[in-house]
Amino acid sequence: MNDKAFTFQTLHPDTIMDALFEQGIRVDSGLTPLNSYENRVYQFQDEDRHRYVVKFYRPERWSAEQILEEHQFALELQQDEIPVAAPLLFNNQSLLTHQGFYYAVFPSLGGRQFESDNLDQMEWVGRYLARIHQTGSKKRFTARPDIGLKEYLIEPRQIFETVTLIPRSLKAAFLAATDSLIDAVMAQWHGRFTTLRLHGDCHAGNILWRDGPLFVDLDDARNGPAIQDLWMLLNGDRAEQRMQLEMIIEAYEEFNAFNTDEIALIEPLRAMRMVYYLAWLIRRWDDPAFPRNFPWLTGEDYWRKQTATFLEQVKVLQEPPLQLTPMY
């Protein structure tokens, strides 16, 4: 697969239409791009006025085995009556190929935006996350990776060392802040958790609301601790986050036990996401969509702010972790 394919420069509308036609789907509308930087995702309507979403995976990111594990997990969740966007099957296959691209077709499932400040909705989500983790605990991914320090901290640090996007005058300070953050995470990281299959990227943007939550986009599904699927739902100040976490855990435990030792991993996981996200932007910089949508990445102000953000997170990691009220 060449660099142009990796950055989707060879994925044209005709290519997408031909791929769908091979599966017996005739597009009767335009292809409406949906918000996705990592993959290319389009909504459309066929000649029978059925609505679909087609997702073309970025070449060389996931192997066929890894994508199939994502699909299998979604289909297992669907079978367990958990509201999740699962791929459709064509000749009993969910993963399709066309001109070197892997792709999948999903039903178009509409919904309102999940309200992250709505405690009733958060309670619903807590119950369903427990059920997702019940299914996720039945076995582990074998091809997809675990959430761990190497992928989320060590490898990004190596990228920061060699990249030319960071202004030379600011690079030493940024690398020093990164090293301090990595040290702080390693000091707090522990292994007192059971590893299970996770959604992996369970933030408010990946939850739609219909008559309840609908979980979408399992592209980042990995093995890891249950808290990974909970902490990104928290918002506000420390007191608000504690109240939200208590509500989520109370709802979660209606269906599944929760290990409160994992709460201490919230801030390490937040730090890991910060570092990994920045490295992801750098890795994708050759894709024209990234300089167009993230132009500030080349500015000095951005890197000063990132340095300050990393150092602020070091201070957070040095504080006691979030504590639940004594009833827990």
Side-chain angles (χ1 to χ4, degrees), residues 34-38 41 77 82-85 108-134 136 147 198-221 224-260 262-278 293-294 305-306 308-310 312-313 315-317 319-328:
L34 301 182
N35 186 26
S36 175
Y37 295 113
E38 183 61 12
V41 184
L77 293 171
I82 296 168
V84 62
S108 179
L109 303 170
R112 305 189 306 277
Q113 184 176 358
F114 168 67
E115 299 171 14
S116 59
D117 59 349
N118 186 317
L119 296 181
D120 287 338
Q121 292 189 9
M122 194 168 285
E123 195 172 9
W124 275 59
V125 168
R127 294 189 187 101
Y128 274 110
L129 283 174
R131 293 182 57 198
I132 288 173
H133 292 169
Q134 279 183 327
I147 292 173
L198 304 167
H199 181 289
D201 194 26
C202 191
H203 56 76
N206 279 336
I207 304 173
L208 297 177
W209 199 263
R210 294 154 70 89
D211 295 326
L214 169 68
F215 297 88
V216 301
D217 193 6
L218 272 68
D219 194 61
D220 285 304
I227 192 66
Q228 169 65 18
D229 281 348
L230 276 62
W231 75 263
M232 279 183 275
L233 300 172
L234 307 180
N235 58 86
D237 61 27
R238 191 175 179 87
E240 290 172 314
Q241 290 187 30
R242 183 177 67 180
M243 178 185 67
Q244 294 161 4
L245 184 59
E246 288 176 350
M247 176 169 287
I248 291 171
I249 290 175
E250 184 176 358
Y252 186 102
E253 291 196 317
E254 292 178 25
F255 291 89
N256 204 354
F258 181 78
N259 175 11
T260 55
E262 295 184 18
I263 294 172
L265 297 177
I266 290 177
E267 294 307 329
L269 286 166
R270 190 191 312 277
M272 291 161 66
R273 184 175 176 85
M274 290 177 180
V275 174
Y276 183 84
Y277 173 77
L278 186 52
N293 288 284
F294 305 95
K305 290 177 182 177
Q306 283 300 123
T309 298
F310 281 11
E312 184 61 32
Q313 185 63 15
K315 295 178 183 177
V316 173
L317 283 160
E319 298 173 357
L322 198 64
Q323 298 288 329
L324 302 181
T325 53
M327 63 179 284
Y328 287 94

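Positions are given from 1, in the same order as the sequence printed here. When reading the values below, keep in mind they use all heavy atoms of this one structure, side chains included, and skip hydrogens, waters and symmetry mates.
Without hydrogens or angle criteria, Asn235 side chain to Ser116 main chain gives a donor-acceptor distance under 3.5 Å. Although no hydrogens or angles enter the test, the distance criterion places no donor-acceptor pair under 3.5 Å between the side chain of Gln121 and the main chain of Pro213. Under the 3.5 Å distance criterion, the side-chain polar atoms of Glu240 are matched with a main-chain donor or acceptor of Asp237. Side-chain N or O atoms of Gln241 include one that pairs as donor or acceptor with a backbone N or O of Gly236 at under 3.5 Å. A distance-only check finds a donor-acceptor pair linking the side chain of His199 to the backbone of Val216 [under 3.5 Å]. Checking side-chain atoms of Glu267 against main-chain N and O of Val316 turns up no donor-acceptor pair under 3.5 Å. A donor-acceptor contact shorter than 3.5 Å links the side chain of Glu262 to the backbone of Ala226. Formation of a donor-acceptor pair under 3.5 Å by the Glu246 side chain with backbone atoms of Thr325 is found in this model.
In terms of heavy atoms, Leu234 sits closest to Gln244 at CA-OE1, 3.3 Å. Among all heavy-atom pairs drawn from Ile263 and Leu322, the shortest one is CG2-O, 3.3 Å. Taking all atoms of both residues into account, the shortest heavy-atom contact from Gln323 to Arg242 is O-CD, 2.7 Å.
Taking 4.5 Å as the limit, every side-chain heavy atom of Met122 sits out of range of all side-chain heavy atoms of Asp117. Counting heavy atoms from C-beta outward, Phe215 and Leu129 have side chains that approach closer than 4.5 Å. Looking only at side-chain heavy atoms (C-beta outward), Ile132 and Val84 stay at 4.5 Å or farther from each other. Side-chain contact check for Gln313 versus Phe310: every heavy-atom pair is 4.5 Å or farther apart. Proximity of Asn35 to Tyr37: side-chain heavy atoms (C-beta onward) are separated by under 4.5 Å at one or more points. Annotation: side chain of Val125 is not in contact with side chain of Ile248 (no heavy-atom distance under 4.5 Å). Side-chain atoms of Asp201 and Met232, non-hydrogen and from C-beta on, do get closer than 4.5 Å to each other. Inter-residue side-chain proximity for Phe258 and Leu230 is flagged as met; some heavy-atom pair is nearer than 4.5 Å.
The pair Lys315-Glu319 does not meet the salt-bridge criterion, since no charged nitrogen lies less than 4.0 angstrom from a carboxylate oxygen.
Distance check, rounded to the nearest 0.5 Å: CZ of Arg127 to CD of Glu250 gives 9.0 Å.
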